[in-house]
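Here the structure is a predicted model, which is why all the values come from computation and not from measurement. Atoms within a ligand are numbered from 1 in the order they appear, just like the ligands themselves. Note that these values count all heavy atoms, side chains included, but never hydrogens, waters or copies made by symmetry. The chain is numbered in sequence order, starting from 1.
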Amino acid sequence: MADYFQEMGWSPLAEGEAPNHLLHLVRLFIDYNMFEELGETQRLPPPASIEAVNNLPEVSINEEGKQCPVCLKDYEKGSSAVKMPCDHLFHPECIKRWLTKTNSCPLCRHELPTDDENYEAYRKEKIRAKQRVNDIENLHNCMFS
Ligand SMILES: [Zn+2]
Ligand SMILES: [Zn+2]
């Protein structure tokens, strides 16, 4: 399990490198139509729950020149985009295809709920671990500033 946690970016220091890698992966899958190839071996977190994906709000794009970060194509004016909870926008088909493979925003790794109980337990633990780090930092700042 240790390897798994490491690859998931368990260490807070590794997080800065992760989003680009993920976005690169999404584009690769779209460019080479590799979605089908992505199996257990890739060790990505599980898909987002269908309910969570269906509940994502759609917004209409009114500005010119905005791009979908996944396919890098401009949105057509007046077309709709899916808004993730982190405020990142994507073509509905681009992000929905991605979220059937894994649960996180390809730009910032914001995670949606999954239907996978084991993963949800792991995710809660990860949030707790992060909270502990924050607590220690706050304590440190209180004591030394
Ligand atoms: Zn797109
Ligand atoms: Zn995001």
Tell me whether the rings of Phe90 and His88 are parallel (<30°), tilted (30 to 60°) or perpendicular (>60°).
perpendicular
Is it the case that Glu137 and Asn141 place a side-chain donor and acceptor less than 3.5 Å from each other?
no
Atom nearest to the Zn ion (ligand 1) - His91, N, O or S atoms considered
ND1
Metal-centred angle, the Zn ion (ligand 2) as apex - ND1 of His88, SG of Cys86, 10° resolution:
110°
When you check the side-chain N and O atoms of Glu117 and Tyr122, is any donor under 3.5 Å from an acceptor?
no
Cys108 near the Zn ion (ligand 2): N/O/S under 2.8 Å
yes
If you round to 10 degrees, what value do you get for the angle at the Zn ion (ligand 1) between Cys94 atom SG and Cys68 atom SG?
120°
Side chains of Glu58 and Ser80, donor plus acceptor under 3.5 Å
yes
